[in-house]
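This structure is a prediction, so every number in the text was calculated from the model and none was measured.
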Amino acid sequence: MQGTVDGFTYGLVTPVAAFLMAALGAALGLRCTTRSLHATRSCRVGWLALGSLSIGSGVWTMHFVAMTGFTVQETPISYDKPLTFAGLAVAVVMIGIGIFIVGYRGATRMALITGGTITGLGIASMHYLGMAGMRMAAQFAYDTPLVVLSVLIAGCAATGALWAAVTLRGALSGLGASILMAVAVTGMHYTGMAALDVHLHLPSTLPSDLSAVLPGDRPAEMIGPMLVGPGCFLLLAAVVLLFDPGAVTGEPGPGHRPGRRPGDHRVPQPRPRPRNDPHARGRHPRSTAREGTGRARYR
């Protein structure tokens, strides 16, 4: 029996809210990635770790905000908590690998392609692992071409967002990179949901409350963890903006020492020699004694 699936139970409320959560996490994470390029080697790890945690948490929160609008008319839905939080861990780790590559290698072509691909795979893995954590009296089937398209959307848009974050400067470019990352996350999510078919396996005799026989947590019980993510984003963003405005504009902080950024290959320029350097080309050391003799001769 084919299930009646509705991904927009509350209209545009859940897609818009999910997009904003993804954009908020991406804005903080990409700005941390940009800031790491100007940080010392010891501080760079902290900035990149904060960035991966922010983007991964934003992706995870976006997914479950969007899933509050997903319903199957014939059966209630519950969630398996271990698989649900395993999706968060996978997203943070894989996105972290991607932005660490870009953070340490810079805006080189290979670093952006590799980091963007791994980041996109992390986003897609979180989505389908979260879907595997759903519990209902049904079996899922996916349309393979749409699944591949969803992964390509995530990888391409994530690569573009990382390139914009580490190459362009200014608050507007950071906003554009955040929007592009949010488009990658939400576009991948709803493309993956369009690939889903639900085949019901309902017993001949249904209990009065079918949700009582489904294992896992109900959607209402997932609201708490979902609200923790946005609260952490707002707190971290306020701290970053308060103590390091350069993380927003992409410029070095007050205590930054100028130096080479990752990926920069500058040819060292020769230092100018002093005018009285005896090794300077075309110049010879002058003896003060000879100068004194010359001045005495023409008196």
Would you indicate whether the side-chain heavy atoms of [Y] and [X] approach each other to under 4.5 Å?
X: Leu162; Y: Leu30; answer: yes
X: Val102; Y: Trp163; answer: no
X: Gln73; Y: Asp6; answer: no
X: Leu112; Y: Val166; answer: yes
X: Ile179; Y: Phe19; answer: yes
X: Met134; Y: Phe140; answer: yes
X: Ile97; Y: Ile101; answer: yes

Working to the nearest 0.5 angstrom, can you tell me the gap between [X] [atom1] and [Y] [atom2]?
X: Leu146; Y: Leu196; atom1: CG; atom2: CG; value: 11.0 Å
X: Ile153; Y: Leu149; atom1: CD1; atom2: CG; value: 4.0 Å
X: Ser173; Y: Leu180; atom1: OG; atom2: CG; value: 12.0 Å
X: Phe100; Y: Arg44; atom1: CZ; atom2: CZ; value: 10.5 Å
X: Ser54; Y: Ile99; atom1: OG; atom2: CD1; value: 8.5 Å
X: His63; Y: Thr61; atom1: NE2; atom2: OG1; value: 11.0 Å

I need the minimum non-hydrogen distance between [X] and [Y], along with the two atoms involved.
X: Val5; Y: Phe70; value: CG1-CE1, 3.2 Å
X: Trp60; Y: Thr84; value: NE1-O, 3.0 Å
X: Ala111; Y: Gly106; value: CB-O, 3.6 Å
X: Gly56; Y: Val92; value: CA-CG2, 4.1 Å
X: Asp80; Y: Leu83; value: OD2-N, 3.2 Å
X: Val65; Y: Ala18; value: CG1-N, 3.7 Å

Could you state whether [X] and [Y] fall into the same hydrophobic cluster, counting links through intermediate Ile, Leu, Val, Met, Phe, Trp or Tyr residues with side-chain heavy atoms under 4.5 angstrom apart?
X: Met181; Y: Leu121; answer: no
X: Val93; Y: Tyr104; answer: no
X: Leu129; Y: Ile95; answer: no
X: Met131; Y: Val90; answer: no
X: Val59; Y: Met67; answer: yes

Distance-only side-chain donor-acceptor flag, [X] / [Y], under 3.5 Å:
X: Thr108; Y: Arg105; value: no
X: Thr9; Y: Thr71; value: yes
X: Ser150; Y: Tyr128; value: yes

Inset, instruction - Would you please test Met94 and Thr119 for side chain to side chain contact (heavy atoms under 4.5 Å, CB included) and show each step? - result: CA-CA 6 Å; Met94 293 191 68; Thr119 300; over 6 Å; no

Inset, instruction - Would you please indicate if the ring centroids of Phe8 and Tyr190 are separated by under 6.0 Å? - result: yes

Legend entry - Heavy atoms of other groups near Tyr142 OH, more than 12 under 6.0 Å: yes

Legend entry - Tyr79 six-ring face occupied by Arg135 cation (under 6.0 Å, within 45°): no

Inset, instruction - Go through the steps to decide whether Val151 and Met188 satisfy the test side chain to side chain contact (heavy atoms under 4.5 Å, CB included), and finish with yes or no. - result: CA-CA 7 Å; Val151 176; Met188 180 280 308; over 6 Å; no

Legend entry - side chain to side chain contact (heavy atoms under 4.5 Å, CB included) assessment of His127 paired with Ile123: CA-CA 6 Å; His127 170 81; Ile123 295 171; 6.0 Å; no

Legend entry - Derivation and outcome, side chain to side chain contact (heavy atoms under 4.5 Å, CB included), residues Met126 and Leu88: CA-CA 7 Å; Met126 187 284 311; Leu88 173 62; over 6 Å; no

